[in-house]
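Notes follow the structure.
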Amino acid sequence: MELLLDLKKRYTYADYLTWADDKVCELIDGFINMMSPSARPIHQEVSLSLCYELKRFIKKNKRACKVYPDIDVRLPQNGEKADDQIYNVVRPDISVICDLSKIDDKGCLGAPDMIVEVQSFSSAKYDLNEKFNLYQASGVVEYWVVYPREAGIEVFLLQPDGTYDRGTRYEMGIVPVHIFDGYKIDFKDIF
């Protein structure tokens, strides 16, 4: 029997856990955003290449961080920890988490240090509005939006006042990873 979800109803992470595995969605402020069940090949290639580069750097430099593609990231707004009190759960394309105490068997509880979203046509507005605002409010230090078709990257950095800067746009070149001083990724190798 298929579970019907009311897109006008507000849900918690506890509700989310009861849904069938084939329901690919996220919650922002308790409201459902249905996601495409699978990404296009270029999306997957870019995402996997970036994961590989980040993971390689972390291992080589013995950093106490983890890189995860597509895991549940629960973003409580007032320090909630109980599943029935959390209204924000997203599945970023890539999450870099350096506070390993945030990782549990359900995914990540709290803001990753860095999130990367690889754009698809259907997610562009959502990633640059709802997710942007949620990541900013949750304290994600570095937020990347990658545009595979244009071979471009936009990097947003959290400022001391808790808001993102205006963003820096990079086109097919060297992009600094600000959470790791001195580390840069050559996007000619990614695209």
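All residue numbers refer to positions in the sequence shown, counting from 1. Keep in mind that what you see is a predicted model, and the values were worked out from it rather than measured.
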Inset, instruction - Write down the atom of Val90, the atom of Leu27, and the distance for their closest heavy-atom approach. - result: CG1-O, 4.4 Å
Inset, instruction - State, with a plain yes or no, whether a side-chain heavy atom of Ile94 is found less than 4.5 Å away from one of Ser47. - result: yes
Inset, instruction - For the pair Ser49 and Asp189, evaluate side chain to side chain contact (heavy atoms under 4.5 Å, CB included) and give the outcome as yes or no after the intermediate values. - result: CA-CA 8 Å; Ser49 293; Asp189 298 334; over 6 Å; no
Inset, instruction - Specify the closest pair of heavy atoms between Pro176 and Lys184, including all atoms of both residues, with the distance to one decimal. - result: CA-CG, 3.8 Å
Legend entry - Short side-chain to backbone donor-acceptor contact, Asp165 and Leu157, under 3.5 Å: yes
Legend entry - Joint hydrophobic cluster, Leu17 plus Met34, side-chain heavy atoms closer than 4.5 Å: yes
Legend entry - Heavy-atom pair with the smallest gap, counting every atom of Arg63 and Asp181: NH2-O, 4.5 Å
Legend entry - Arg149 and Arg40: CA distance, side-chain angles, deciding distance, side chain to side chain contact (heavy atoms under 4.5 Å, CB included) verdict: CA-CA 11 Å; Arg149 290 192 175 151; Arg40 295 180 186 245; 4.2 Å; yes
Inset, instruction - Spell out, yes or no, whether Met172 and Leu50 are grouped together once hydrophobic residues are joined by side-chain heavy atoms under 4.5 Å, including indirect joins. - result: yes
Inset, instruction - Could you tell me which non-hydrogen atom of Tyr164 sits nearest to which non-hydrogen atom of Leu158, and how far apart they are? - result: CD2-N, 3.5 Å
Inset, instruction - Please round to the nearest 0.5 Å and tell me the distance separating atom CG of Leu75 and atom CD of Glu80. - result: 11.0 Å
Inset, instruction - Find out whether Pro92 and Tyr68 are in side-chain contact, i.e. whether some heavy atom of one side chain is under 4.5 Å from a heavy atom of the other. - result: no
Inset, instruction - Quick one: pull up CD1 in Ile190 and CG in Asp186 and give me the separation to the nearest 0.5 Å. - result: 8.5 Å
Legend entry - Gap separating the CD atom of Glu130 from the CG atom of Asn88, nearest 0.5 angstrom: 11.5 Å
Legend entry - Donor-acceptor contact present, side-chain Tyr11 to main-chain Asp6, <3.5 Å: yes
Inset, instruction - Indicate if Val73 and Ile28 have the same hydrophobic cluster label, given that clusters are the connected sets of ILVMFWY residues with side-chain heavy-atom separations under 4.5 angstrom. - result: yes
Inset, instruction - Answer with yes or no whether the hydrophobic clustering places Leu7 together with Tyr126; edges join I, L, V, M, F, W, Y residues whose side-chain heavy atoms lie under 4.5 Å apart. - result: no
Solution key, residues 138-147 side-chain donor-acceptor pairs under 3.5 Å, sequence neighbours excluded:
| residue | atom | partner | partner atom | Å |
| --- | --- | --- | --- | --- |
| Ser138 | OG | Gln77 | NE2 | 3.1 |
| Ser138 | OG | Leu134 | O | 2.8 |
| Glu142 | OE1 | His178 | N | 2.9 |
| Glu142 | OE1 | Ile179 | N | 2.9 |
| Glu142 | OE2 | Trp144 | NE1 | 2.8 |
| Glu142 | OE2 | His178 | N | 3.1 |
| Tyr143 | OH | Asp127 | O | 2.8 |
| Tyr147 | OH | Glu154 | OE1 | 2.9 |

Inset, instruction - Starting at CG of Asp93, measure out to NE2 of His43 and round the result to the nearest 0.5 Å. - result: 3.5 Å
Legend entry - Phe132-Phe156 aromatic ring centre distance below 6.0 Å: yes
Inset, instruction - May I ask whether Leu128 and Val155 are part of the same hydrophobic cluster, defined by side-chain heavy atoms of I, L, V, M, F, W, Y residues being less than 4.5 angstrom apart, directly or through others? - result: no
For residues 100-116, run the donor-acceptor check on the side chains, cut-off 3.5 Å, and write out each pair with its distance to 0.1 Å, sequence neighbours left out.
| residue | atom | partner | partner atom | Å |
| --- | --- | --- | --- | --- |
| Ser101 | OG | Asp99 | OD1 | 2.6 |
| Lys102 | NZ | Ala111 | O | 2.6 |
| Asp104 | OD1 | Arg74 | NH2 | 2.6 |
| Asp104 | OD1 | Lys106 | N | 2.9 |
| Asp104 | OD1 | Gly107 | N | 3.1 |
| Asp104 | OD2 | Arg74 | NH1 | 3.4 |
| Asp104 | OD2 | Arg74 | NH2 | 2.8 |
| Lys106 | NZ | Asp83 | OD1 | 3.3 |
| Lys106 | NZ | Asp83 | OD2 | 2.4 |
| Asp113 | OD1 | Cys98 | N | 2.7 |

Legend entry - Exercise: identify the closest heavy-atom pair between Glu171 and Glu150: OE1-O, 3.7 Å
Inset, instruction - Please determine, by modelled atom types, if Asn61 and Tyr183 share a side-chain donor-acceptor pair under 3.5 angstrom. - result: no
Legend entry - Spacing of CG belonging to Leu54 relative to OG belonging to Ser95, to within rounding of 0.5 Å: 11.0 Å
Inset, instruction - Using the six-membered ring wherever Trp is involved, compare the ring planes of Phe57 and Phe180 and label them parallel, tilted or perpendicular (cut-offs 30° and 60°). - result: tilted
Inset, instruction - Give, for atom SG of Cys51 and atom CZ of Arg56, the distance between the pair rounded to the nearest 0.5 Å. - result: 13.5 Å
Inset, instruction - Count the heavy atoms belonging to other residues, nucleotides or ligands that lie under 6.0 Å from NZ of Lys131, then report whether that count exceeds 12. - result: yes
Inset, instruction - Go through the steps to decide whether Arg91 and Ile71 satisfy the test side chain to side chain contact (heavy atoms under 4.5 Å, CB included), and finish with yes or no. - result: CA-CA 5 Å; Arg91 294 176 68 176; Ile71 66 164; over 6 Å; no
Inset, instruction - Take Ile174 and Ile185 through the side chain to side chain contact (heavy atoms under 4.5 Å, CB included) test and state the conclusion after the steps. - result: CA-CA 6 Å; Ile174 307 295; Ile185 293 177; over 6 Å; no
